[in-house]
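Just so it is clear: chains get the letters A, B, ... in the order the sequence lines come, proteins before strands, and each one is counted from 1.
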Amino acid sequence: MTERIYLTPTPVRIWHWLNAFGFVALILSGIQIRFPEYANIFGSYKAAIRLHNTAGIVVSASFLLWLGYYLLVSRKMRQLYLPTIDDLCNGVVRQAKFYFLSYFFGHQSPHHASPDDKFNPMQKSAYLVIMMVLVPLVILSGLLLMNVGPMRTLAVLVGGIKLVASVHFLLACSLCAFLFTHVYLATLGSSPLAYFKPMLTGWEEVNHE
Amino acid sequence: MRGIKRMLWLPTLALLVVLSAGGWEVAPAMESGDCLGCHADSGSVGERAAIDETAFAATPHADMGCLACHPSVGDSHPDDAGAFGETDCSDCHSDVAAAYAKSPHSVNAGCTDCHNPHEVRAQHEVSGYDMNRQCATCHEGQEMTERHRQWLPQTRIHLASLPCITCHTGSEKMALELYVTNEGQSTAEGDFELASYQDLLALTDGEEVASLINRDGNHIVSIDELRAFNQNPVYRGQRLHGMMVPAQMTHSYDILYNRWDCTFCHGTGPKSLQKTYLSFPNSDGTYSRVPVESGAALSVLYATPDFYMVGATRNMALNLAGAMILAGGMVMPFGHGFLRFLTRKNRK
């Protein structure tokens with residue numbers, strides 16, 4: 001029997017795809033900005049910088065949308081993103097065992113997504129670090145780099161502009177590495193596109209055996 | 001007897017005439033000191049003809065003496081209505097004059113409009129700040145900022161880190177000069193302003209100002225010395241401000257279209273910035289450069305925390321760290337994906 005559940009509300013889907021396209025734009029323009037003599041993707045260096053700045057603002061705005069929605073509208077931030085003690089002690093191990101062992105033997109995931117419990121313990125832990133540490137830091141360091149003149153005192157306070165730029169680069173690499181893993185894991189559903197569909201329509205089809 | 005006296009008197013007179021006439025010819029020419037006796041005092045000669053003695057002494061022109069350029073000045077000066085026979089700069093600087101004559105700038109300004117020959121200095125003796133101050137005497141700062149803002153991202157940062165001549169002359173190679181700045185009132189460069197000789201003297205307790213960073217006095221600033229300065233809590237109020245100056249000055253002033261391409265600077269890689277100098281003010285208003293040791297890129301990262309040039313000051317160590325992080329992100333798609341492919345029959 002197949003059941004349809006409304007898993008991903010519209011504001012979250014808007015945030016997700018703004019974020020996704022924003023990240024791709026940031027990665028491509030970031031490659032050109034850092035390695036201009038090897039990559040000319042957008043025609044000119046200035047175009048790459050403008051796109052990077054614009055995409056950075058879009059991603060920052062979409063982050064605020066995500067934060068505002070989960071904190072103020074749905075009020076499910078803690079429920080969905082904060083791992084419980086059991087998640088950390090047992091759930092993470094159980095989920096890791098599935099991904100790295102039982103999946104290959106054809107077993108089902110121990111976690112079943114529902115609107116109130118969307119993420120498995122590994123997802124919760126990873127998303128918490130990504131959304132509460134890495135993304136805010138990459139946004140803040142990016143804003144500082146966009147406004148070096150007016151915010152110079154702040155740049156000096158945190159160790160100088162070079163340190164800020166280096167941290168921004170390493171954070172971007174970390175988020176890019178997450179993106180590879182994230183997109184791959186999204187193909188581990190009942191079919192390779194099973195998890196992509198709810199991010200477009202909001203609805204997920206769940207098979208009950 | 002009277003005849004003998006007359007005979008002696010005449011040769012003596014002749015000798016005196018010859019000696020005195022010869023004396024006019026061998027008398028020492030006017031020395032610079034003689035000139036400065038009057039011209040160092042604006043009260044005597046007026047502001048226009050006054051010479052700043054200290055600044056003049058620091059110029060290469062001082063060694064040549066005043067008469068080298070003002071050959072007509074003689075004992076009758078200034079009663080000869082001020083004839084002093086100015087020499088043309090091109091008499092000595094013919095190659096510079098020829099290059100400058102080809103630039104559009106030569107229509108608007110002659111040599112002395114930019115260079116006061118009594119205060120002229122070698123390029124490395126002038127700070128990037130002074131270079132821009134010179135241009136600003138004609139090119140009003142705010143107007144220039146607004147004109148550059150139409151196309152140049154991070155306009156204020158660029159203009160604070162680049163002397164105009166870095167982009168507006170044909171110099172192809174650049175050097176990085178670092179200046180000590182003091183935390184102070186808000187300025188165009190932010191909340192830090194260029195430290196004067198007196199400021200640095202106060203910090204070094206009267207010792208040579210370069211010893212503020214070049215602790216061992218070997219006239220090469222090591223990465224360790226730079227790091228020690230940046231990390232010393234005593235110097236929390238001081239920061240190093242970097243400016244990219246032409247390595248070799250040219251006089252081909254123009255709007256150069258290759259400078260509109262950001263990658264002229266931002267894509268040349270770290271090699272373009274290997275020549276780095278600490279530039280310290282001297283008591284006479286000139287600057288002295290002390291070269292910075294070329295070091296491992298990651299060391300320079302901490303050694304000059306405020307100089308970052310996107311795309312050019314990246315370093316290999318950080319790139320490798322980034323590559324390793326990205327490789328970590330590939331473990332799941334490739335490693336897990338490979339095992340997934342091998343075990344695909346189990347999930348049917």
Side-chain angles (χ1 to χ4, degrees), chain A residues 30 32-40 44-50 52-53 99-108 145-153 155-156 158-167 169-185 187-188 190, chain B residues 151-157 160 183 188-192 230 236 239-240 260-264 266-269 298 300-308 310-315 318-319 321-334 336-337 339-340 342-348:
Chain A
Q32 183 172 343
I33 289 168
R34 189 162 181 89
F35 303 102
E37 60 270 62
Y38 303 113
N40 185 359
S44 74
Y45 198 75
K46 205 165 84 171
I49 286 180
R50 282 190 173 157
H52 200 75
N53 290 348
Y99 280 137
F100 297 112
L101 189 67
S102 50
Y103 172 80
F104 299 120
F105 293 103
H107 296 171
Q108 292 294 311
L145 291 170
M146 275 176 72
N147 300 283
V148 175
M151 299 172 86
R152 183 165 183 216
T153 309
V156 167
V158 296
I161 192 68
K162 198 169 272 182
L163 192 68
V164 175
S166 304
V167 167
F169 169 68
L170 292 178
L171 285 168
C173 289
S174 305
L175 288 169
C176 197
F178 162 76
L179 192 64
F180 296 151
T181 307
H182 179 67
V183 172
Y184 173 73
L185 289 178
T187 66
L188 291 188
S190 54
Chain B
W151 69 275
L152 183 64
Q154 301 275 21
T155 313
R156 290 175 75 87
I157 302 294
E183 196 167 13
E189 293 82 29
D191 291 332
F192 289 80
N230 284 311
R236 195 168 289 162
R239 305 290 294 187
L240 292 175
W260 290 60
D261 177 2
C262 310
T263 55
F264 180 83
H266 288 281
T268 49
L298 199 59
V300 178
L301 175 78
Y302 298 110
T304 51
D306 289 332
F307 191 85
Y308 177 72
V310 181
T313 49
R314 63 171 189 263
N315 66 67
L318 265 183
N319 288 345
M324 285 172 71
I325 292 171
L326 291 177
M330 295 287 191
V331 168
M332 276 301 278
F334 284 97
H336 195 278
L339 290 173
R340 180 184 177 185
L342 293 180
T343 59
R344 61 193 182 282
K345 285 181 184 170
N346 294 344
R347 287 180 297 280
K348 281 186 177 172

Nearest heavy atoms of A:Met146 and B:Gln154, plus distance in Å: O-NE2, 3.4 Å

Enclosure of A:Arg50 CZ (heavy-atom neighbours >12, cutoff 6.0 Å): no

Residue pair B:Thr263 / A:Pro36: nearest heavy atoms and the distance that separates them: CG2-CB, 3.7 Å

Residue pair A:Tyr45 / B:Val310: nearest heavy atoms and the distance that separates them: OH-CG1, 3.1 Å

Ring geometry between B:His336 and A:Tyr184 (parallel below 30°, tilted from 30 to 60°, perpendicular above 60°): perpendicular

Which portion of A:Phe178 sits near chain B, non-hydrogen atoms under 4.5 angstrom: neither

Pairing residues for A:Leu170 by the side-chain contact (heavy atoms from CB on, under 4.5 Å) criterion, not counting sequence neighbours: B:Leu318, B:Ala321, B:Ile325

B:Met330 side, atom CE; A:Cys176 side, atom SG - distance, nearest 0.5 Å: 7.5 Å

Candidate pair A:Leu163 and B:Tyr308, rule side-chain contact (heavy atoms from CB on, under 4.5 Å), full reasoning: CA-CA 9 Å; A:Leu163 192 68; B:Tyr308 177 72; over 6 Å; no

Side chain / backbone / both / neither for A:Leu145 at chain B, heavy atoms under 4.5 Å: backbone

Pairs of heavy atoms under 4.5 Å with chain B: top-ranked of A:Cys173, A:Gly106, A:Ser174: A:Cys173

Contact class of A:Tyr103 relative to chain B, heavy atoms under 4.5 angstrom: both

Under 4.5 Å from a heavy atom of chain A, the part of B:Ile157 involved: side chain

Side-chain (A:Lys46) to main-chain (B:Trp151) donor-acceptor, under 3.5 angstrom: yes

Heavy atoms from other residues, nucleotides or ligands near CZ of B:Arg236 exceed 12 (cutoff 6.0 Å): no

Contact winner vs chain B - A:Ala172, A:Ala165, A:Ala155, heavy-atom pairs under 4.5 Å: A:Ala165

B:Arg340 and A:Thr187: CA distance, side-chain angles, deciding distance, side chain to side chain donor-acceptor pair (under 3.5 Å) verdict: CA-CA 11 Å; B:Arg340 180 184 177 185; A:Thr187 66; 2.9 Å; yes

For B:Gly329 against A:Thr181, the heavy-atom pair lying closest together: O-OG1, 3.4 Å

Over 12 foreign heavy atoms within 6.0 Å of CZ, A:Phe100: yes

Spacing of A:Glu37 atom CD and B:His266 atom NE2 [to the nearest 0.5 Å]: 12.0 Å

Segment of B:Asp261 engaging chain A (4.5 angstrom heavy-atom cut-off): neither

